[in-house]
Asker: 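Let me give you the structure first, and then I'll get to my questions.
Keep in mind that the numbers below use all heavy atoms, side chains included, and drop hydrogens, waters and symmetry copies.
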Amino acid sequence: MEGVIYLDHAATSWPKPPAVGDAMLSALEIAGANPGRGSHRMAVQASRVLFEARKSISNIFGIKNANDIAFGSNTTEALNLAIQGSLREGDHVIATMAEHNSVRRPLEYLRRLRNVEIDYVPVNAAGAIDLMQMERMFRSNTRLVVCTHSSNLLGSILPIGEISLLCRKHRAILLVDTAQSAGVMPVNVQQLGIDMLAFPGHKGLLGPQGTGGLYIAPGLDIEPLLHGGTGSQSEALEQPKVRPDRYEAGTPNTVGIAGLNAGVKHVLELTPAVIYQHEWELTQHIMDGLSSVKGIRMLGPEIGQPRTGLVSFTVDGYDSAQLAFRLDRNYGIAVRSGFHCTPLAHESAGTTATGAVRASVGYNSTREHVESLVKAVLELTGTD
């Protein structure tokens with residue numbers, strides 16, 4: 001959209017690389033058949049689209065076997081598959097206060113449905129957790145630890161490698177939500193010891209909405225979320241055991257996955273490490289520029305510390321929703337306000353009464369974009 005300064009990449013990246021739309025149109029025209037449901041050339045081409053996308057995603061996450069990736073419609077579906085598919089009656093799970101509702105709500109649902117026990121590790125105002133406190137929460141029936149890699153409110157980055165060591169020590173499964181880290185910082189499931197990784201296609205991986213998936217480590221069998229046609233073992237009453245068919249019932253979003261593959265390839269060319277550095281520098285510029293606003297409070301790690309590409313803030317005496325509305329209406333700057341589907345993180349930050357304004361940058365954000373944001377906030381708050 002012409003004239004928009006888009007600073008809402010934590011919700012979804014925009015605009016997409018041109019190759020994304022080109023790949024989607026090509027798939028619609030050339031590979032418009034059902035993958036895995038026929039032997040004619042269009043069905044084979046559709047299967048190839050999925051195969052190529054799995055390979056690209058394997059490369060970005062250090063996954064050895066591409067068939068360990070199950071495609072879905074978004075991170076939320078992937079998290080539901082992982083959580084509901086792995087927790088049984090009376091199991092105990094550890095999560096954190098930084099979690100999105102895509103984690104909290106499935107957990108609370110299973111608390112009611114299966115008597116699952118839950119502990120939430122506190123995070124401080126900067127978004128950090130106490131690993132010793134986390135370790136004290138492990139029990140003999142702790143089956144799962146689920147945590148976000150980076151808070152979508154605070155921008156803090158959790159120590160996944162250290163959490164993984166605790167999981168190994170206590171024989172628990174580690175599920176990581178990479179909604180804010182996939183594509184924007186290096187993530188390797190082998191190096192970090194991740195058992196399950198939920199990822200969105202439409203954020204840092206630069207694909208279209210309606211795409212995402214779940215990596216499930218080899219040897220880890222979880223129950224499918226959906227049951228139905230897979231194009232394989234059609235004579236069987238049960239869902240196939242073979243991957244990825246076991247977790248991909250129904251016709252997939254082949255067109256969207258083609259776009260996702262193009263987005264991932266673009267990220268691989270830029271490299272997540274370079275994207276992270278670019279976004280981090282822009283967040284530092286935002287924080288430095290906003291620091292002179294009277295009554296402002298910027299959430300998460302302090303300036304100079306590691307964080308993903310977002311800055312959330314409140315200003316005393318100003319309604320967060322109104323600030324965001326005026327940034328859009330008066331300056332053409334798109335940010336997000338409210339509670340960001342993470343009430344526990346707002347509780348940790350002390351912003352449950354006010355919500356917050358969140359500005360989030362992306363691979364294509366510029367210094368000029370964030371300078372426009374800073375100037376606009378200064379004007380709206382009457383800061384000289």
Asker: On a heavy-atom basis, which atom in Pro343 and which in Arg104 lie closest, and how many Å separate them?
Answerer: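 Between these two residues, the closest heavy atoms are CG-NH1, 3.5 Å.
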Asker: Would you please say whether a donor-acceptor pair under 3.5 Å links the side chains of Arg136 and Gln133?
Answerer: no
Asker: Between Asp221 and Arg246, is a side-chain contact (heavy atoms from CB on, under 4.5 Å) present by the stated rule, with each step listed?
Answerer: CA-CA 10 Å; Asp221 183 50; Arg246 180 163 176 76; 3.0 Å; yes
Asker: Indicate if Leu28 and Val20 have the same hydrophobic cluster label, given that clusters are the connected sets of ILVMFWY residues with side-chain heavy-atom separations under 4.5 angstrom.
Answerer: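 Yes, because Leu28 and Val20 connect within a single hydrophobic cluster, where side-chain heavy atoms sit under 4.5 Å apart.
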Asker: Give the intermediate values and the outcome of side-chain contact (heavy atoms from CB on, under 4.5 Å) for residues Ile5 and Ile333.
Answerer: CA-CA 5 Å; Ile5 297 175; Ile333 300 173; 4.1 Å; yes
Asker: Within this structure, what is the CD1-CD1 distance for the pair Ile83 and Ile173, rounded to the nearest 0.5 Å?
Answerer: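 The distance works out to 11.5 Å.
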Asker: State whether the side chain of Asn101 and the backbone N or O of Arg105 hold a donor-acceptor pair below 3.5 Å, judged by distance alone.
Answerer: no
Asker: Salt bridge (Lys or Arg N to Asp or Glu O under 4.0 Å) with Arg367: which residues, sequence neighbours excluded?
Answerer: Glu371
Asker: Do Val315 and Val370 sit in one hydrophobic cluster, given that two such residues count as connected whenever their side-chain heavy atoms are within less than 4.5 Å of each other, even indirectly?
Answerer: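 Yes; tracing contacts between hydrophobic side chains, which count when under 4.5 Å, links both residues.
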Asker: Leu144 and Thr142: side-chain contact (heavy atoms from CB on, under 4.5 Å), yes or no, with the steps?
Answerer: CA-CA 6 Å; Leu144 179 70; Thr142 303; over 6 Å; no
Asker: Spell out, as yes or no, whether a donor-acceptor pair under 3.5 Å connects the side chain of Thr381 to the backbone of Val377.
Answerer: yes
Asker: Applying the 4.5 Å side-chain criterion to the ILVMFWY set and letting contacts propagate, would Leu79 and Leu205 be lumped into a single cluster?
Answerer: yes
Asker: Do Ser150 side-chain atoms and Ser156 backbone N/O form a donor-acceptor pair below 3.5 Å?
Answerer: yes
Asker: Got a donor-acceptor contact below 3.5 angstrom from the Arg358 side chain to the Leu154 backbone?
Answerer: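 No; judged by distance alone, with no hydrogens or angles, the pair does not exist.
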Asker: Could you see if Ile275 belongs to whatever hydrophobic cluster contains Leu282? Use Ile, Leu, Val, Met, Phe, Trp, Tyr and a side-chain cutoff under 4.5 Å.
Answerer: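 Different clusters: Ile275 never reaches Leu282 through Ile, Leu, Val, Met, Phe, Trp or Tyr contacts under 4.5 Å.
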Asker: Looking at residues at least two apart in the chain, or sitting in another chain, which of them share a salt bridge (Lys or Arg N to Asp or Glu O under 4.0 Å) with Arg307?
Answerer: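 Not a single residue meets the salt bridge (Lys or Arg N to Asp or Glu O under 4.0 Å) criterion with Arg307.
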Asker: Name the orientation class of the two ring planes belonging to His346 and Phe339 (parallel below 30°, tilted from 30 to 60°, perpendicular beyond 60°).
Answerer: perpendicular
Asker: Can a salt bridge be assigned to the pair Arg114 and Asp91 using a cut-off of 4.0 Å between side-chain N and carboxylate O?
Answerer: no
Asker: I'd like to know if the side chain of Thr308 reaches the main chain of Gln180, judged simply by a donor and an acceptor atom lying under 3.5 Å from each other, with no hydrogens or angles considered.
Answerer: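 Here the side-chain-to-backbone pair does not exist.
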Asker: Could you give the side-chain donor-acceptor pairs of residues 293-301 under 3.5 Å, partners two or more places apart or in another chain?
Answerer:
unit_1: Arg297; atom_1: NH1; unit_2: Ala349; atom_2: O; d: 2.6
unit_1: Arg297; atom_1: NH2; unit_2: Ala349; atom_2: O; d: 2.7

Asker: What residue pairs, at least two apart or across chains, pass side-chain hydrogen bond (donor to acceptor under 3.5 Å, both in side chains) with a residue in residues 167-176?
Answerer: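 Applying side-chain hydrogen bond (donor to acceptor under 3.5 Å, both in side chains) to every pair that reaches into residues 167-176, excluding sequence neighbours, yields Glu135-Lys169, Glu135-His170, Arg168-Asp195.
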Asker: Run through Arg139, Arg143, Arg111, Arg88 and flag the one making a salt bridge (Lys or Arg N to Asp or Glu O under 4.0 Å) with Glu117.
Answerer: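 Exactly one pass, corresponding to Arg139.
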Asker: Using modelled atom types only, decide if a donor and an acceptor are shared between the side chain of Trp280 and the backbone of Gln305 within a distance under 3.5 Å.
Answerer: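 Judged by distance alone, yes, a pair lies under 3.5 Å.
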Asker: Main chain of Ile69, side chain of Arg54: is a donor-acceptor contact present, judged purely on distance under 3.5 Å?
Answerer: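 Yes; at least one donor-acceptor contact below 3.5 Å.
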Asker: Measure the CZ-OG1 distance between Phe71 and Thr211 for me, rounded to the nearest 0.5 Å.
Answerer: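 Going from the CZ atom of Phe71 to the OG1 atom of Thr211 covers 9.0 Å.
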Asker: For the NE2 atom of His9 and the CG atom of Leu206, what is their distance to the nearest 0.5 Å?
Answerer: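 So the NE2 of His9 and the CG of Leu206 are separated by 9.5 Å.
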Asker: Is the count of non-hydrogen atoms from other residues, nucleotides or ligands lying under 6.0 Å from Glu89 atom CD greater than 12?
Answerer: yes
Asker: Check the pair Met185, Ile157 against side-chain contact (heavy atoms from CB on, under 4.5 Å), reporting the backbone distance first and the verdict last.
Answerer: CA-CA 10 Å; Met185 60 184 293; Ile157 301 169; 3.9 Å; yes
Asker: Are Val103 and Thr148 close enough that some pair of their side-chain heavy atoms sits under 4.5 Å apart?
Answerer: no
Asker: When rounded to the nearest 0.5 angstrom, what distance separates OG in Ser365 from NE2 in His285?
Answerer: 12.5 Å
Asker: I need the Gln84 CD to Leu107 CG distance, nearest 0.5 Å.
Answerer: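 Taking CD in Gln84 and CG in Leu107, the distance rounds to 9.5 Å.
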Asker: Shared ILVMFWY cluster between Leu165 and Val121, side chains joined below 4.5 angstrom?
Answerer: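 No, no single cluster joins them.
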Asker: Among residues two or more places apart or on two chains, list those pairs meeting side-chain hydrogen bond (donor to acceptor under 3.5 Å, both in side chains) that have a residue in residues 318-335.
Answerer: Tyr331-Glu379
Asker: Under 3.5 Å, is there a donor-acceptor pair between the His100 and Ser102 side chains?
Answerer: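 Yes, a side-chain donor-acceptor pair sits under 3.5 Å.
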Asker: Before we go on, tell me: are the rings of His266 and Tyr363 under 6.0 Å apart, centre to centre?
Answerer: yes
Asker: May I ask you to decide if Thr12's main-chain N or O and Lys203's side chain share a donor-acceptor pair within less than 3.5 Å?
Answerer: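 It does not hold such a pair.
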Asker: Can any side-chain N or O of Ser56 pair as donor or acceptor with the backbone N or O of Glu52 at less than 3.5 Å?
Answerer: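 Pair found, side chain donor or acceptor close to backbone of Glu52.
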Asker: Just jot down the side-chain contact (heavy atoms from CB on, under 4.5 Å) partners of Ala70, sequence neighbours excluded, or say none.
Answerer: Tyr247, Glu248
Asker: So if I apply the side-chain contact (heavy atoms from CB on, under 4.5 Å) rule between Met196 and each of Val146, Asp177, Val176, Ile222, which one comes out positive?
Answerer: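 Only match with Met196 under side-chain contact (heavy atoms from CB on, under 4.5 Å): Ile222.
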Asker: Enter the distance from Phe199:CZ to Ser181:OG here, rounded to the nearest 0.5 Å.
Answerer: 12.0 Å
Asker: Are Val145 and Val93 close enough that some pair of their side-chain heavy atoms sits under 4.5 Å apart?
Answerer: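 Counting from C-beta outward, Val145 and Val93 never come under 4.5 Å.
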Asker: Do Ser47 side-chain atoms and Ala43 backbone N/O form a donor-acceptor pair below 3.5 Å?
Answerer: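 Looks like yes, one N/O pair under 3.5 Å.
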